[in-house]
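Computed from a prediction, not measured in an experiment: that's the story for all the values here. Every number for a ligand or one of its atoms is a count from 1 in the order of the listing. All heavy atoms count here, side chains included; hydrogens, waters and symmetry mates do not.
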Amino acid sequence: MADSFHPPQHLYYDGRIQAASSGKVIRTINPSTAQPLADVFSASHSDVDAAVTSAQKAFHAWSKSPPIVRSRILLKAAQLLRERNDEIAAVETQDTGKPYSETSTVDVVTGADALEFFANLVGGGGLNGETAQLREDAWVYTKKEALGVCAGIGAWNYPIQIALWKSAPCLAAGNTMVYKPSEFTPLHGQTLAEIYTEAGVPPGVFNVVNGAGDVGAYLTAHPAIAKVSFTGQVSTGKKVAASAAGEMKYITMELGGKSPIIILPDADLNNAVDGAMLANFFSSGQVCTNGTRVFVPRDKLEDFEKKVLERLEYIRPGPLMDMNTNFGPLVSNIHYEKVINYIKHGIDVDKAKLLCGGLGKPAAINGLEGGYWIKPTVFTDCHDSMKIVQEEIFGPVMTILPYSTVDEAVERANTTPLGLAAGVFTLDLNLAHQVISKLEAGITWINTWGESPAEMSVGGWKQSGVGVENGKRGLEAWVRNKSTLVDMSGVVPTVFAKI
Ligand code: NDP
């Protein structure tokens, strides 16, 4: 794909593009070629203050607008996103290095789906509270109130999808947002803000500040922020949660994982291998819910490996806009170094058995050698104590772990401080549910992997996160409850009456 240098990216608040005052510029690159892609102007503290003020000013009117009115506006934004799907997807491809065959069918689509879901939910009464009749003359009613100005902080792997999974429920519930994309993939931010504005979202309701981690840290700690919704690494999430806790802010934390797939002894091995391939190599392994610990019955190991090697032939790195390409480079040089170091560690220190891949660039990337390409890599016959089995690599690196009994596999699958996702492959549905119920993870799949529709609430257990995104429960993360007890008896039950 020929690189096109994009117009510079600025900030967005008060309903329009705004110049940044920091003087700092981040130059983003196209990961498939390592060529420059755009200059992004970073926000100063006073720029973040201005964006937050803009969101504060907009909050009252937006939060008091009828949900059906907000719903109509957000549905219009979903329609605009769909109309501009291909154009936005092409930019996401250049920004992230993910093939167009993915971004044009997943990234914008699943973001627009979330917008449509939450717009319909609030338009259909999803923000209604409950009533409880206490006595003939007394009842309790509850209301769901917007929280205020919220911060959204995104990771680089699904930029526009993450921005939409956060802003859709946030705005639908009546909040306003200041959003900070990852410095590595910021190109969607301004586009999304413009689409919201075009759809009728009032100025100040959705704002974008660009910059690196320090901008995120300043935003997170800002006293006017009521909630922080963060997607990123566990280590960063801990810092963000600690900062938010200082002022008792609401948080949602969508963090990393090291998720297990258990191939049960009776599984259809072809389906199981297809699932494991998706769970490790889609988006070149840069998916939070990756199933990177693949538990395989010891007596099926050889067959499983053979089928994995067959499927690896169907991984097609290449020019990103070619619809046949299904495997891109890693997102950045920093990340490339990190993943390569894990592979080196697997070979040199863990002494894991390399089934395929390893160091070096994949074949068939003629003309793209400058990019951050890496070979799809499989280590087999691994042990739980290996670093490559324990830590999130966030790249195309599968580890296969043979097991002897299902109980043993479940116990080993749960022996991790992380708990984002888990899954089983089996034809025995009773066993499927029994095993799933024992797995310590917030997102689970049976006989499939990776699909995460807007209807499905997703969030990690243990150190993989706090709270959920999407589904009906996803809306609850953006409201606070107000309970009111009404007494019509005309008598206050005081204990301080005259005896
Ligand atoms: P990081 O934690 O490095 O960064 C996430 C975001 O936080 C970026 O916008 C980053 O800015 C910003 N940031 C960095 N430091 C701070 C700080 N001190 N305070 C506030 N914000 C800060 O994660 P990655 O971008 O590397 O994303 C990959 C990770 O995200 C993986 O661990 C993956 O598992 C996880 N993830 C989880 C998902 C889930 O739903 N559970 C979904 C997708 C990814 P900058 O980029 O400019 O440094």
### Query
Are the aromatic rings of Trp62 and Phe206 close, with centres under 6.0 Å apart?
no
### Query
For ligand 1, which atoms, with element, lie under 4.0 Å from some heavy atom of Thr220?
20 (C)
#### Entry: Nearest non-hydrogen protein atom, atom 10 (C) of ligand 1
Lys180 NZ, 3.9 Å
### Message
Do Ser283 and Glu102 pair up side chain to side chain, a donor and an acceptor below 3.5 Å, judged on atom types alone?
### Response
yes
### Query
Can you find a non-hydrogen atom of Gly154 under 4.0 Å from ligand 1?
yes
### Query
If we ignore angles and hydrogens, is there a donor and acceptor under 3.5 Å between the side chains of Thr110 and Asp113?
no
### Query
Below 4.0 Å from any atom of ligand 1, is there a heavy atom belonging to Gly211?
yes
### Message
Taking 4.0 angstrom as the limit and counting only heavy atoms of Val240, give me the atoms of ligand 1 inside it, by number and element.
### Response
19 (N), 20 (C)
### Task
Give the numbers and elements of all ligand 1 atoms closer than 4.0 Å to a heavy atom of Gly256.
32 (O), 34 (O)
#### Entry: atom 7 (O) of ligand 1 [closest protein heavy-atom partner, distance rounded to 0.1 Å]
Phe230 CE1, 3.1 Å
### Query
Please state which protein non-hydrogen atom is closest to atom 42 (C) of ligand 1 and give its distance, to 0.1 Å?
Cys288 SG, 3.0 Å
### Query
Counting only heavy atoms not in Lys338, do more than 12 fall under 6.0 Å of its NZ?
yes
#### Entry: Distance-only donor-acceptor check, side chains Asp47 and Ser21, under 3.5 Å
yes
### Query
Can you check whether Phe394 has an N/O within less than 3.5 Å of an N/O in ligand 1?
no
### Query
Going by atom types only, do Ser22 and Ser42 share a side-chain donor-acceptor pair under 3.5 Å?
no
### Query
Under the 3.5 angstrom rule, does the side chain of Lys98 hit a backbone N or O of Asn157 as a donor-acceptor pair?
yes
### Query
When you measure from the side chain of Lys24 to the backbone N and O of Ala43, does any donor-acceptor pair fall under 3.5 Å?
no
### Query
By number and element, which atoms of ligand 1 are closer than 4.0 Å to a non-hydrogen atom of Gly216?
19 (N), 20 (C), 21 (N)
### Message
Under 4.0 Å from a heavy atom of Trp156: which atoms of ligand 1 are those, numbered in the order shown and with their elements?
### Response
24 (P), 25 (O), 26 (O), 27 (O)
### Protein heavy-atom partner closest to atom 46 (O) of ligand 1 - residue, atom, separation in Å
Ser182 OG, 2.9 Å
### Query
Quick one: nearest non-hydrogen protein atom to atom 12 (C) of ligand 1, plus distance?
Ile153 CG2, 3.8 Å
### Task
Show which atoms of ligand 1 fall inside a sub-4.0 Å distance from at least one heavy-atom site of Leu420.
41 (N)
### Query
Going by distance alone, is a donor N or O of one side chain under 3.5 Å from an acceptor N or O of the other, for Tyr158 and Thr231?
no
### Message
Within a 6.0 Å radius of atom CD on Glu411, are there more than 12 heavy atoms belonging to other residues, nucleotides or ligands?
### Response
no
#### Entry: Between Asp49 and His222: side-chain donor-acceptor atoms closer than 3.5 Å
yes
### Query
Cut-off 3.5 Å, side chains only: do Thr185 and Thr96 have a donor facing an acceptor?
no
### Message
Taking a cutoff of less than 4.0 Å between a non-hydrogen atom of the residue and any ligand atom, is Ala212 in contact with ligand 1?
### Response
yes
### Summary
Quick note on ligand 1: atoms under 4.0 Å from a heavy atom of Glu392 include exactly 31 (C), 32 (O), 33 (C), 34 (O)
### Task
Considering heavy atoms of the protein only, find what lies nearest to atom 35 (C) of ligand 1 and give residue, atom and distance to 0.1 Å.
Gly232 O, 3.2 Å
### Protein heavy-atom partner closest to atom 17 (C) of ligand 1 - residue, atom, separation in Å
Gly213 O, 3.6 Å
### Message
Give me the residue, atom name and distance of the protein heavy atom closest to atom 2 (O) of ligand 1.
### Response
Thr236 OG1, 2.6 Å
### Query
In ligand 1, which numbered atoms sit nearer than 4.0 Å to a non-hydrogen atom of Asn157?
43 (C), 44 (C)
### Task
Give yes if a backbone or side-chain nitrogen or oxygen of Gln233 is under 3.5 Å from a nitrogen or oxygen of ligand 1, and no if not.
yes
### Message
Does either side chain, that of Lys258 or that of Thr416, offer a donor lying less than 3.5 Å from an acceptor on the other one?
### Response
no
